[in-house]
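Inspection log for the structure reproduced underneath, given as structure tokens.
Predicted model, so just to flag it, every value in this text is computed and none were measured.
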Amino acid sequence: DARSEARIIDLLISDEEWEARRKAWSPPPLRTTQGTLFKYVQCVATASEGCVTDEVGSGSAAGIVEASPKTPAVAELEAKIAALEEELSKQKA
């Protein structure tokens, strides 16, 4: 039974069957074994870790973000945000 609005799939099997399936499962082989895509697959972190390819931090997403230098685009965006916040605070005063 699939309910997309709730993002749930109900599987009506016993706990023993579920455990047997979990133990028997193995990840599929990688679709590539060489080249840039293979390097990416080997190095990229998960989405929950920020999908960072060059981990220079502590391994956590926060540590990686803290240790990684800002790109020029991020620095420019932060400067624009600071300028807008300053302008807004002057308007309120």
Side-chain angles (χ1 to χ4, degrees):
D1 178 27
R3 294 175 279 154
S4 60
E5 68 281 350
R7 300 178 62 113
I8 294 173
I9 297 176
D10 293 323
L11 184 60
L12 303 175
I13 59 174
S14 68
D15 290 342
E16 294 79 20
E17 176 66 19
W18 178 253
E19 189 63 26
R21 289 184 186 192
R22 189 185 65 76
K23 286 181 180 177
W25 183 84
S26 63
L30 297 175
R31 295 183 186 178
T32 182
T33 58
Q34 60 188 6
T36 305
L37 182 58
F38 180 71
K39 290 178 186 176
Y40 176 81
V41 169
Q42 293 294 314
C43 298
V44 73
T46 66
S48 62
E49 297 174 272
C51 293
V52 177
T53 56
D54 48 337
E55 296 187 25
V56 294
S58 64
S60 70
I64 293 166
V65 168
E66 186 177 314
S68 298
K70 294 179 185 173
T71 64
V74 171
E76 182 182 354
L77 182 60
E78 286 178 344
K80 286 182 180 180
I81 290 171
L84 289 170
E85 287 175 339
E86 183 179 339
E87 185 180 326
L88 185 61
S89 66
K90 286 180 183 177
Q91 288 177 0
K92 287 182 178 180

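Rounded to the nearest 0.5 angstrom, Lys90 NZ and Lys92 NZ are separated by 15.0 Å. Remark: Leu84 CG to Glu86 CD distance equals 10.0 Å, nearest 0.5 Å.
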For residues 23-31, please give each side-chain donor-acceptor pair under 3.5 Å, one per line with the distance, not counting sequence neighbours.
none

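Contact record, Trp18 with Leu11: CZ3-CD2, 3.7 Å, taken as the closest heavy-atom pair.
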